[in-house]
Protein chains: 2
Amino acid sequence: MQTIEQLLESKDIRVTAMRLLIYKFLANKQIAVTLSDIENAFEKADRTTLYRTIKTFEEKEIVHQIDDGTGINKYALCESGCHCEIETDLHLHFHCNNCSETICLTEHKIPQIKVPEGFVSENVNLVVKGICDKCSGQ
Amino acid sequence: MQTIEQLLESKDIRVTAMRLLIYKFLANKQIAVTLSDIENAFEKADRTTLYRTIKTFEEKEIVHQIDDGTGINKYALCESGCHCEIETDLHLHFHCNNCSETICLTEHKIPQIKVPEGFVSENVNLVVKGICDKCSGQ
DNA sequence: ATATTTAATGCAATGGAAGTGCATTTATTG
DNA sequence: CAATAAATGCACTTCCATTGCATTAAATAT
Ligand SMILES: [Mn+2]
Ligand SMILES: [Mn+2]
Ligand SMILES: [Zn+2]
Ligand SMILES: [Zn+2]
């Protein structure tokens, strides 16, 4: 069991107060968040700092960006030990048309997708839209 | 074999010079195009007109919008007789990381995706990224 | 401990793209 | 031809992502 500080350091991310706060914020969320979500949670902090913090987290692979089709980038912590760039680690995302929340279905890996001759698959983005468990009333 | 005019009329789209031009432009493209692509092809036309024409085509289901993860909406003609809203008609899209082109793989339908209990799937977006046939040199 | 260097943060500004209100032109219909 | 409705053009707005540069804070060397 490592502390957040240790995790950040192990990924070559220098520990700052802001980074710890943002990490904890993401860790507490069960859903993917937008930059604005983070902004609203930390009103005193500058938007740019939040933006760059997320980008740093993304580069160092403790956060992955999610394109759920809303046109707004969302972010979520990676599973510990995940390698988002590897196809076998890719999970699908669910976007609720009712509450607009987007969640990682980390248990649901993306199936092998066949592409035509001559095409090389490097990455797959799979987003399912519909009604989430909370909104479907069950 | 129906003319473009007949196709538009059958979909309740009034025929105008601009609409015919845009339709032909889309029909000649083998790849999905952005609004800017259309803008560049028709410099005399106003962007709003092009925008609204595409939106009309989309509503009337002769064009589908593609979110390939670049953050810029792309559009492509639907197959004749397709119903983009129906899950079984959904095909996957391929985005080339080299030439940045996005193409419809209309032959490749999206496989049935399992979602957890309580979730209801209404729509699926599947984008494969990698190297296209032209760029892979084969 | 202090000076030097490097990284993080804050502020201001930019740019791209989507979208809208309203006036004008064009097409349709009585 | 007059009346009506739709399409087009122009100006403007909003939202989000991104960058340059000055400032502050942290890390390292002296
Ligand atoms: Mn995820
Ligand atoms: Mn397509
Ligand atoms: Zn929901
Ligand atoms: Zn290519």
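Throughout, a chain's letter reflects where its sequence line sits, starting with A, and its residues are numbered from 1. Not measured: the values here are computed from a predicted model.
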Nucleotide [N], atom [atom2] - distance to [atom1] of [X] in whole Å:
X: A:Glu9; N: D:dA26; atom1: CD; atom2: P; answer: 14 Å
X: B:Asp46; N: D:dA11; atom1: CG; atom2: P; answer: 9 Å
X: B:Leu20; N: D:dA7; atom1: CG; atom2: P; answer: 13 Å
X: B:Leu21; N: D:dT8; atom1: CG; atom2: P; answer: 11 Å
X: B:Phe42; N: D:dT8; atom1: CZ; atom2: C1'; answer: 15 Å

* Test side-chain hydrogen bond (donor to acceptor under 3.5 Å, both in side chains) applied to B:Tyr75 and B:Glu58, B:Gln65, B:His64, the passing residue ->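 Of B:Glu58, B:Gln65, B:His64, side-chain hydrogen bond (donor to acceptor under 3.5 Å, both in side chains) with B:Tyr75 is met by B:Gln65 alone.
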Pair [X] + [Y]: basic N to acidic O under 4.0 Å:
X: A:Lys134; Y: A:Glu101; result: yes
X: B:Lys60; Y: B:Asp12; result: no
X: B:Lys129; Y: A:Glu122; result: no

* Could you walk me through whether B:Thr49 and B:Met18 pass the side-chain contact (heavy atoms from CB on, under 4.5 Å) check? -> CA-CA 8 Å; B:Thr49 304; B:Met18 203 64 241; 4.1 Å; yes
* Compute the ring centroids of A:His93 and A:His95, then answer whether they are less than 6.0 Å apart. =>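 That pair fails the under 6.0 Å test.
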* **DNA chain C: 5'-most and 3'-most nucleotides touching chain A, 4.0 angstrom heavy-atom criterion** =>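 Listing 5' to 3', DNA chain C meets chain A from C:dA7 to C:dA12.
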* side-chain contact (heavy atoms from CB on, under 4.5 Å) between B:Leu26 and B:Ile54, intermediate numbers included -> CA-CA 10 Å; B:Leu26 291 170; B:Ile54 282 289; 4.1 Å; yes
* **Which residue lies more 5' along DNA chain C, comparing A:Met18 with B:Arg14 via nearest heavy atoms** =>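 Result: A:Met18.
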* May I ask you to check whether B:Thr34 and B:Lys74 show a side-chain donor-acceptor distance below 3.5 Å? =>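 Distance-only check fails for B:Thr34 and B:Lys74.
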Taking N or O atoms only and anything under 3.5 Å, show me the protein contacts with nucleotides 16-21 of chain D, one pair per line.
from: D:dA17; atom 1: OP1; to: A:Asn73; atom 2: N; distance (Å): 3.2
from: D:dT18; atom 1: OP2; to: A:Tyr51; atom 2: OH; distance (Å): 2.7
from: D:dT18; atom 1: O5'; to: A:Tyr51; atom 2: OH; distance (Å): 3.0
from: D:dG20; atom 1: O6; to: A:Arg52; atom 2: NH2; distance (Å): 3.1

